[in-house]
Amino acid sequence: MAAPGSGLSLLRRRGDSRSGAVERRNLITVCRLSVKTLLDRSCLETVDDSSPEFTNFLSILEHILSHRLKGQTSWLGYDSPRSFWDYVRVSCSTVPHSCIHSIHSMELSSRAKGRAWIRVVLMEKRLSEYISSALKDFKITSFCLKGDGLDGTFPAVIDYTPYLKFTQNADSISSDDEEEMRTMGSSGSESSTPDRGVATPDRGVATAAAIFTQQSSWVSRCKRLEHKYRMVLEQKVYLEDLVRLREAQLSDVVSLNRELQRTLSDAHLNHSLEKQQLHHIVLELQDQLTVLKNNDARSRQELTAHLTNQWPSPCAPDTNAVAMDTLLYRKWDE
């Protein structure tokens with residue numbers, strides 16, 4: 001016979017595993033709904049930090065990253081809380097061109113660093129890359145089932161996924177969204193299946209209700225298709241106008257390009273003509289300079305010959321000077 005303590009421990013383990021599974025399912029479902037709400041809001045207006053849908057998505061993402069994250073146990077046995085930044089810093093360090101090092105160097109708390117990391121990766125549109133890299137690291141991302149707090153001190157988690165209802169805007173709905181919504185609805189409806197012993201309503205009333213529901217769904221689908229058709233038609237008209245505008249701009253650019261090419265060819269022609277004219281002028285100036293140099297040399301030679309003929313030779317005696325000296329000598333003797 002099993003001891004009462006072992007049975008109580010088994011019940012606690014079952015309750016704890018059920019609470020963990022329900023909590024994970026709740027987080028996943030709420031995350032899906034928050035993403036759809038955020039996308040639905042983005043179809044109508046710009047989403048920023050002040051949007052409640054964005055704030056709610058960040059809060060849910062923090063809850064998912066911090067889901068049952070164990071604290072750091074010291075040597076004395078005290079369990080200190082740990083932020084999800086400690087896990088992200090180690091598991092996402094191998095991502096190329098990551099922002100881990102720059103955020104780790106900031107003088108902030110671990111929670112603030114984690115929130116800064118979420119905002120940075122969302123701005124870089126690389127959240128899926130970081131999450132995929134973290135999940136691929138099996139040495140760091142390990143699932144341990146020991147010491148999950150089996151004392152039962154925390155209350156049971158309520159599974160509220162069957163009661164959630166989300167009405168999506170027709171602008172952002174698609175076939176994948178409808179399939180996902182049916183999947184989320186079927187996940188919660190399994191536990192709410194009526195027993196066989198409970199009396200069911202009349203088959204005719206159920207058939208009429210089913211037909212009415214089907215007609216309503218078809219009417220809503222037709223309205224959505226009509227709305228999508230109008231949007232596509234408006235986009236078609238806008239794109240046609242944009243194409244016409246671009247064609248007109250292209251024709252203007254082509255004509256401008258032709259004019260510029262014509263101007264460039266004229267400039268090349270003028271440049272070649274001016275170059276030839278300058279070449280001829282340089283040749284004429286060189287010829288004139290040569291003539292001037294020759295004339296200057298001839299003039300120098302003529303001037304030298306003329307000056308040479310004007311002055312007597314230093315070797316020939318001056319007869320006038322000799323006669324004058326003789327006369328003066330005679331007068332002095334007298």
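Because the structure is predicted, anything quoted here is derived from the model rather than measured.
Looking only at side-chain heavy atoms (C-beta outward), His104 and Trp85 come within less than 4.5 Å of each other. Put simply, the side chain of Val90 does not reach to within 4.5 Å of the side chain of Asp86, judged on heavy atoms. At least one side-chain heavy atom of Gln249 sits less than 4.5 Å from a side-chain heavy atom of Arg246. For the pair Val88 and Tyr130, the minimum side-chain heavy-atom distance is 4.5 Å or more. Two residues are said to be in side-chain contact when any heavy atoms from C-beta on lie closer than 4.5 Å; Asp252 and Leu256 fail this criterion.
Under the ring-ring contact (aromatic ring centres under 6.0 Å, His included) criterion, Tyr87 pairs with no residue at all, not counting sequence neighbours. Taking the salt bridge (Lys or Arg N to Asp or Glu O under 4.0 Å) definition, one finds that Arg262 meets it with Glu259, sequence neighbours left out.
Remark: the backbone N or O of Glu129 is not paired with any side-chain donor or acceptor of Ser132 at under 3.5 angstrom. In this structure, Asn257 contributes its side chain and Val253 its backbone to no donor-acceptor pair below 3.5 Å. Distance alone, capped at 3.5 Å, is enough to place a donor-acceptor pair between the Asn26 side chain and the Val22 backbone. Not one N or O on the side chain of Asn56 forms a donor-acceptor pair closer than 3.5 Å with the backbone of Pro52. Under a 3.5 Å cut-off, the side chain of Asn270 and the backbone N or O of Asp266 do form a donor-acceptor pair.
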Review item, side-chain donor-acceptor pairs of residues 276-286, under 3.5 Å, at least two apart:
none

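With rounding to the nearest 0.5 Å, the separation of NZ in Lys36 from CG in Leu33 is 8.5 Å. In this structure, Leu225 CG and Lys223 NZ are separated by 12.5 Å, a value rounded to the nearest 0.5 Å. From Leu58, atom CG reaches atom OG of Ser34 across 9.5 Å, with rounding to the nearest 0.5 Å. With rounding to the nearest 0.5 Å, the separation of CZ in Phe57 from CD1 in Ile64 is 8.0 Å. For the atom pair CG of Leu303 and OG1 of Thr308, the computed distance is 9.0 Å after rounding to the nearest 0.5 Å. Rounded to the nearest 0.5 angstrom, Leu61 CG and Leu122 CG are separated by 7.0 Å.
Side chains of Asp48 and Ser51: a donor-acceptor N/O pair is present below 3.5 angstrom, by distance only.
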Q: Verify side chain to side chain contact (heavy atoms under 4.5 Å, CB included) between Ile131 and Leu65, making sure each step is shown before the conclusion.
A: CA-CA 10 Å; Ile131 297 298; Leu65 294 174; 4.2 Å; yes
(Q) Checking Lys236 against Glu240 for the salt bridge (charged side-chain N to carboxylate O under 4.0 Å, His left out) test, could you report, in this order, the C-alpha distance in whole Å, the side-chain angles of both residues, the deciding distance, and whether it holds? (A) CA-CA 6 Å; Lys236 177 178 175 294; Glu240 289 178 352; 2.5 Å; yes
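Nearest heavy atom pair, residue Ser66 against residue Phe84, reads OG-CD2, 3.4 Å. Closest non-hydrogen pair, Cys92 versus Ile100, comes out as O-CG1, 3.7 Å. Nearest heavy atoms, Leu27 versus Ile60: O-CG2, 4.3 Å. Closest non-hydrogen pair, Leu269 versus Ser272, comes out as O-OG, 2.6 Å.
Follow the hydrophobic side-chain contacts under 4.5 Å out from Met123 and you reach Ile103 in the same cluster. Linking ILVMFWY side-chain heavy atoms closer than 4.5 Å, directly or via other members, places Val232 and Val243 in two distinct hydrophobic clusters.
For residues 109-124, the pairs satisfying side chain to side chain donor-acceptor pair (under 3.5 Å) are Glu62-Arg115, with sequence neighbours left out.
Enclosure of atom CZ in Arg300 is not indicated, since only 12 or fewer non-hydrogen atoms of other residues, nucleotides or ligands lie within 6.0 angstrom.
Annotation for Val254: hydrophobic cluster partners, listed by chain and number, are Leu250 (ILVMFWY side-chain heavy atoms under 4.5 Å, direct or chained). Cluster partners of Leu242, using a side-chain heavy-atom cutoff of under 4.5 Å among ILVMFWY residues and allowing indirect links, are Tyr238, Leu239.
Ion pair Arg230/Glu234 not flagged as a salt bridge, since none of the NZ, NE, NH1 or NH2 atoms sits closer than 4.0 Å to an Asp/Glu carboxylate oxygen.
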